[in-house]
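Below: one structure, written as C-alpha cells.
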There are 2 protein chains.
Amino acid sequence: MTGNFDALAADRSRLARSSAAQRVAEVLRDHIIEGRLAPGTRLSEEALGEALAVSRNTLREAFRLLADQRLVVHELNRGVFVKTLSPRDVADIYTLRLALEMAGVRALRCAAPERLAAVRAALARAEAAETQGDWGAVGTADLHFHQAVAGLADSERIDECMARLAAELRLAFAAVPSAHGFHEPFLRRNQVLAGLLESGEIDDAELELTRYLDDARTVIVNAMAENGR
Amino acid sequence: MTGNFDALAADRSRLARSSAAQRVAEVLRDHIIEGRLAPGTRLSEEALGEALAVSRNTLREAFRLLADQRLVVHELNRGVFVKTLSPRDVADIYTLRLALEMAGVRALRCAAPERLAAVRAALARAEAAETQGDWGAVGTADLHFHQAVAGLADSERIDECMARLAAELRLAFAAVPSAHGFHEPFLRRNQVLAGLLESGEIDDAELELTRYLDDARTVIVNAMAENGR
DNA sequence: TCTTGTCGGATTGTTCCACAATCCTCTAGC
DNA sequence: GCTAGAGGATTGTGGAACAATCCGACAAGA
C-alpha cells in the first residue's frame with residue numbers, strides 16, 4: 001500500500017493547468033468585471049480572436065464559459081454580448097443571495113463556531129482596505145465576506161453559486177456612482193452581522209441579513225434608475 | 001404604439017430555435033438521465049461525433065453545455081466523462097435544495113396564495129401518475145413539485161438552479177433500487193407539505209421541508225452505500 | 001520482483017479554412 | 001411612408017491538420 005498522501009491531495013487543484021479557452025475567459029472576465037467592456041458590447045468572434053490571437057473555436061469555448069457565469073449572453077446567429085443587468089436582474093440576484101447566505105447562517109445553528117474563521121478574515125480584509133481608503137478593495141472584501149457567510153453551509157454547490165453571483169454583482173456595483181458612499185454603511189453592517197454570528201444570536205442575524213440585502217438591493221436599483229435614465 | 005402583447009412574450013422561449021450543439025446536448029442529456037450512459041463512461045469525441053453525425057467542434061460545444069448542468073465532467077486532455085455522483089455529492093445537492101426550497105416557502109409569508117397553483121398542479125400530476133402505477137412519472141412529478149415550491153420565490157435564478165439540481169437528482173434517483181418504494185412515502189409527505197402551504201402554516205412547512213429533505217438524502221445515501229459496494 | 005525510464009499509439013487541444021445559414025442594413029418600388 | 005427584396009457581414013457547422021498530452025507497454029537497472 002502506498003503511504004498516506006492525503007495532505008498532498010488537498011493541493012491537487014494547484015496541479016490543474018488551464019486550457020487556452022479558460023485563460024481567454026479569464027481575461028475577458030476581468031475586462032467585463034472592471035467595466036472596460038461596457039454592458040451590451042458585442043463581442044465579435046473575428047475581432048476578438050485577432051486581438052487575443054486565438055482561433056474562433058477557442059474563443060467560442062471561452063464564450064460558453066462566460067455564459068455559464070452569466071457575464072455574457074449568447075443569441076443564436078447574432079453573437080455574444082456583454083450582459084446588461086436590468087433592475088429586475090439585480091432584484092433577482094439579491095433573492096438568490098438571500099437564499100444562499102441564509103442557508104449559511106442557519107447552518108451555524110448546529111455547526112462548530114470555528115467555521116467563522118473565514119468570515120472573520122474577510123471582514124478584517126475589508127477593514128484594512130478601508131483604512132487605506134481603497135474602496136475597490138473594500139468591495140472585493142465585501143463580496144468575500146458574504147461568500148464566507150454562505151460558505152458556512154459547507155456546500156460546494158452553494159459556494160459555486162455564490163461565486164457566480166459575485167461576478168454578476170460586480171456588474172451591479174458598476175452602476176453605483178460612489179464606491180465609498182455605497183460600501184461604507186454596508187461595511188458597518190457587515191461588522192454588526194459578524195458580531196451577531198460570533199455571539200450565536202442566529203435569529204437576530206437572520207433578521208439583519210434579510211434587511212441588509214433588502215437595503216443593498218434598493219440602493220443599487222435606485223442608482224440604476226437614476227444613472228440609466 | 002403597439003398593442004399590449006405581454007401574454008405573447010411569455011411564450012417567447014418557444015420561438016427560440018436551437019443550434020446543433022443544443023440538440024446534441026439534449027440527446028446526450030436524456031441518455032445520461034435515463035441511465036443509458038452509465039456514470040463514469042468516457043464520451044469519446046471521435047466515436048460520439050460519428051454516432052451522432054456531428055463534427056468534433058459541435059460536439060465539444062455540446063459537452064460544455066452538459067458540463068454546465070454538471071451531468072458530465074471535463075478533464076483536460078483526458079476528455080469528458082458521465083458524472084459519477086458520490087454520497088458526498090448527494091448530500092451537497094440536498095443542502096442546496098434545502099436552501100432554494102426554503103426560500104420559496106419563506107416567500108409565501110408575504111406573497112399571494114394564488115402562487116400555489118403550480119405546486120398544486122404538480123402534486124395532482126404526481127397523484128395521477130400514482131393511480132396509473134407509473135412510478136417513473138411520479139418521480140418526474142415529484143421533481144416538478146419541488147421546483148414549484150422553490151418557484152414560490154419568484155426568481156429566475158432560483159428556478160435555473162433548481163432545474164440544474166433536478167437533472168443531477170435524476171442521477172441520484174438511478175441509485176435507488178425500487179422507484180415505487182422510494183417515491184411512495186415521499187409523495188405522501190408532498191401532500192402534507194402542500195397542505196401546510198395551503199393553510200398558511202409556514203413555520204410547520206419549513207420544519208416539514210427540512211425533515212423531508214433530510215430523510216430523502218439519507219435514503220439515497222444509504223441506497224448508494226448498499227448498491228455501490 | 002519491484003521500481004524507474006523511455007517509447008509509441010491514441011486522444012484531446014488548437015488552429016485554419018470553407019461553406020451554409022442567418023441576420024442586418026440599405027435601397028428600389030409602390 | 002411603408003414593404004419587399006438584394007447584398008454584405010457575421011455566426012454556425014463541418015472538416016482536416018498538427019501540437020500537446022496522456023496512457024499503457026516494454027525494457028533496464030537495483
Side-chain angles (χ1 to χ4, degrees), chain A residues 1-5 8-9 11-29 32 37-38 40-68 71-84, chain B residues 1-3 9 12-29 32 37-38 40-68 71-84:
Chain A
M1 199 56 57
T2 76
N4 183 354
F5 292 125
L8 278 180
D11 274 1
R12 194 186 305 174
S13 59
R14 286 171 51 192
L15 250 69
R17 287 153 304 105
S18 65
S19 67
Q22 288 172 316
R23 291 191 299 272
V24 168
E26 199 129 337
V27 169
L28 290 177
R29 194 190 109 103
I32 292 171
L37 282 170
T41 305
R42 173 153 159 277
L43 300 177
S44 156
E45 295 185 353
E46 191 173 351
L48 262 183
E50 189 162 356
L52 296 171
V54 295
S55 75
R56 275 180 64 207
N57 284 333
T58 301
L59 198 53
R60 288 168 67 89
E61 289 213 13
F63 285 161
R64 295 284 184 197
L65 295 176
L66 290 172
D68 275 6
L71 291 179
V72 303
V73 292
H74 188 155
E75 300 182 21
L76 192 59
N77 285 318
R78 296 197 355 102
V80 305
F81 300 81
V82 178
K83 170 91 180 193
T84 301
Chain B
M1 199 54 57
T2 77
R12 192 186 305 172
S13 60
R14 286 170 52 192
L15 250 72
R17 287 156 301 107
S18 66
S19 66
Q22 288 171 316
R23 291 191 298 270
V24 168
E26 200 129 337
V27 169
L28 290 176
R29 194 189 109 103
I32 292 171
L37 283 170
T41 305
R42 175 155 157 278
L43 301 177
S44 156
E45 295 185 354
E46 191 173 348
L48 262 183
E50 189 162 358
L52 296 172
V54 294
S55 75
R56 276 180 66 207
N57 284 333
T58 301
L59 196 53
R60 287 169 68 89
E61 288 215 14
F63 285 161
R64 293 284 183 199
L65 295 176
L66 290 172
D68 275 8
L71 291 179
V72 303
V73 292
H74 189 157
E75 299 183 22
L76 191 60
N77 284 318
R78 295 197 357 101
V80 307
F81 301 81
V82 178
K83 170 89 180 194
T84 301

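We name chains A, B, ... by the order of the sequence lines, and we start the count at 1 in each one. No experiment lies behind these values; they were computed from the predicted model shown.
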- request: Apply side-chain contact (heavy atoms from CB on, under 4.5 Å) to A/Thr84 and list each qualifying residue two or more places apart in sequence or on a separate chain.
  value: A/Pro39
message: Go nucleotide by nucleotide along DNA chain C from the 5' end; which of A/Ser19 and A/Arg78 gets its closest nucleotide reached first?
response: A/Ser19
task: For DNA chain C, determine which residues of residues 50-65 of chain A have any heavy atom closer than 4.0 angstrom to one of its atoms, and list them numerically.
output: A/Ala53, A/Val54, A/Ser55, A/Arg56, A/Asn57, A/Thr58
- request: Check salt bridge (charged side-chain N to carboxylate O under 4.0 Å, His left out) between B/Arg56 and all other residues, then give those that pass, not counting sequence neighbours.
  value: B/Glu45
- prompt: Does B/Leu43 reach the side chain of B/Leu37, with side-chain heavy atoms less than 4.5 Å apart?
  reply: yes
- request: Quick one: which residue pairs count as a salt bridge (charged side-chain N to carboxylate O under 4.0 Å, His left out) with a foot in residues 71-80 of chain A, not counting sequence neighbours?
  value: A/Glu75-A/Arg78
message: In this structure, how many angstroms lie between the P atom of C/dA20 and the CG atom of A/Leu76, rounded?
response: 19 Å
task: List the steps and the verdict of side-chain contact (heavy atoms from CB on, under 4.5 Å) for B/Leu71 and B/Lys83.
output: CA-CA 5 Å; B/Leu71 291 179; B/Lys83 170 89 180 194; 5.5 Å; no
task: Would you please test A/Leu28 and A/Val72 for side-chain contact (heavy atoms from CB on, under 4.5 Å) and show each step?
output: CA-CA 10 Å; A/Leu28 290 177; A/Val72 303; over 6 Å; no
task: On DNA chain D, reading 5' to 3', which nucleotide is the first and which the last to sit with an atom under 4.0 Å from a heavy atom of chain A, could you check?
output: D/dT10 to D/dC22
Identify each donor-acceptor pair in which a side-chain atom of residues 18-26 of chain A lies under 3.5 Å from a protein atom, sequence neighbours left out, and give them as a table.
from	atom 1	to	atom 2	distance (Å)
A/Ser19	OG	A/Gln22	N	3.3
A/Gln22	OE1	A/Ser19	N	2.8
A/Arg23	NH1	A/Ser18	O	2.8

task: Hey, could you give me the CZ/CG distance between A/Arg29 and A/Leu65, rounded to the nearest 0.5 Å?
output: 11.5 Å
